[in-house]
Amino acid sequence: MDIRERTGDMEEAFRAMLDGFKASLWTAVPAIVQSVDFAKQTATLQPAIKSQQRMPDGSVKAVDLPLLTDVPMHFPTGGGASMTFPVKAGDEALVVFSSRPSDAWQQSGGVQSQIDARTHDLSDVFAMVGFRSNGKALSGVSSSSTQIRSDDGQHVIDLNPASGLTLTSGGVSMALTPGGLAITGGTVTHNGKNIGSTHTHNGVVPGGGNTGTPN
């Protein structure tokens, strides 16, 4: 019991009761991925905020929250198409808690009845992977285009409404614009043959004959 509830001040006692209620109400906390089950698209996560636990002597101790297991992960999806990510241990996420039991829905989908009366419970959780702490913020994020990219920026699919689509991998870039297709820094090949500007042909004959296949 909060010591404020023992005072004769009813307003202060009410505030203490309300604080106790809010402390048991889970909404969302950051978390760190511990393991992933790609077959089920679920993860085990460790909440990254410690809980405040009142000890018998009245002191307050910070303790780890329990692992959250079998948590559905959010991958953008709709209309028969999905975008997936190779989520791994150590990735950061935001876990959000359902206001009502979600296990029946998770197991069977569709519209389900509540199995009990719990609310905002640690067992009814969803993971939104991708939120980042300051220390893990991406570098070189574009402010003018949409990108699918590796964290190190070496491989990027860039869609810019003003200029077009660009694919970059290391020092090779392919840009598709209204003016055409341009490839820089690489060699164009087909079936292992160089078909770029520096390739040669065999079977060259004078006059109007055709050359052979590329070397």
Side-chain angles (χ1 to χ4, degrees), residues 22-52 62-110 112 118-176:
K22 290 190 297 183
S24 66
L25 190 68
W26 294 99
T27 54
V29 295
I32 300 171
V33 174
Q34 304 298 302
S35 62
V36 179
D37 184 338
F38 283 103
K40 297 169 59 180
Q41 288 94 65
T42 62
T44 295
L45 303 102
Q46 173 63 59
I49 303 295
K50 291 180 179 288
S51 176
Q52 299 296 311
V63 297
D64 286 337
L65 288 167
L67 287 176
L68 306 174
T69 60
D70 200 29
V71 179
M73 294 184 296
H74 172 253
F75 288 154
T77 184
S82 301
M83 184 182 298
T84 66
F85 301 91
V87 181
K88 64 182 186 300
D91 285 348
E92 295 176 314
L94 179 71
V95 291
V96 296
F97 301 92
S98 174
S99 63
R100 296 296 185 271
S102 60
D103 34 14
W105 168 85
Q106 183 177 350
Q107 180 178 355
S108 304
Q112 302 294 330
R118 69 178 185 265
T119 61
H120 296 274
D121 192 84
L122 283 174
S123 61
D124 302 304
V125 59
F126 298 85
M128 303 174 66
V129 182
F131 287 88
R132 290 173 175 268
S133 59
N134 290 344
K136 290 193 174 182
L138 290 171
S139 61
V141 172
S142 174
S143 62
S144 59
S145 61
T146 297
Q147 294 184 337
I148 299 175
R149 51 168 285 178
S150 58
D151 285 358
D152 61 9
Q154 290 298 301
H155 311 287
V156 183
I157 301 174
D158 184 287
L159 175 61
N160 190 317
S163 57
L165 179 67
T166 303
L167 282 70
T168 303
S169 183
V172 180
S173 177
M174 180 172 69
L176 180 62

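Numbering of residues begins at 1 and proceeds along the displayed sequence.
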Neighbour count >12 (heavy atoms, 6.0 Å) for atom CD, Q107: no
W105 vs S98, side chain to side chain contact (heavy atoms under 4.5 Å, CB included): CA-CA, chis, key distance, verdict: CA-CA 11 Å; W105 168 85; S98 174; over 6 Å; no
Distance-only donor-acceptor check, side chains S123 and R118, under 3.5 Å: yes
Between [X] and [Y], which heavy-atom pair has the shortest distance, and what is it?
X: P161; Y: S144; answer: CD-O, 3.8 Å
X: D124; Y: S102; answer: OD1-N, 3.0 Å
X: P30; Y: L94; answer: N-CD1, 4.0 Å
X: V87; Y: V36; answer: O-CG2, 3.6 Å
X: A62; Y: K50; answer: CB-CD, 3.8 Å
X: D121; Y: F97; answer: O-CD2, 3.4 Å

Table please: side-chain donor-acceptor pairs of residues 71-78 below 3.5 Å, with sequence neighbours left out.
unit_1 : atom_1 : unit_2 : atom_2 : d
T77    : OG1    : A81    : O      : 3.1
T77    : OG1    : S82    : OG     : 2.7

Applying salt bridge (charged side-chain N to carboxylate O under 4.0 Å, His left out), name anything that partners [X], two or more places apart in sequence or on another chain.
X: D91; result: K88
X: D158; result: none
X: R132; result: D151

Pairs flagged by side chain to side chain donor-acceptor pair (under 3.5 Å) wherever residues 31-41 is involved - sequence neighbours left out: K40-D70
Pairs touching residues 161-170 that satisfy side chain to side chain donor-acceptor pair (under 3.5 Å), sequence neighbours left out: H155-S169
Check against side chain to side chain contact (heavy atoms under 4.5 Å, CB included), T119 and S99: CA-CA 5 Å; T119 61; S99 63; 5.7 Å; no
Residue pair I157 / L165, side-chain heavy-atom distance below 4.5 Å: yes
Between [atom1] of [X] and [atom2] of [Y], what distance do you get to the nearest 0.5 Å?
X: D64; Y: I49; atom1: CG; atom2: CD1; answer: 11.0 Å
X: L159; Y: L176; atom1: CG; atom2: CG; answer: 10.5 Å
X: L68; Y: W26; atom1: CG; atom2: CH2; answer: 9.0 Å
X: Q46; Y: I32; atom1: CD; atom2: CD1; answer: 7.5 Å

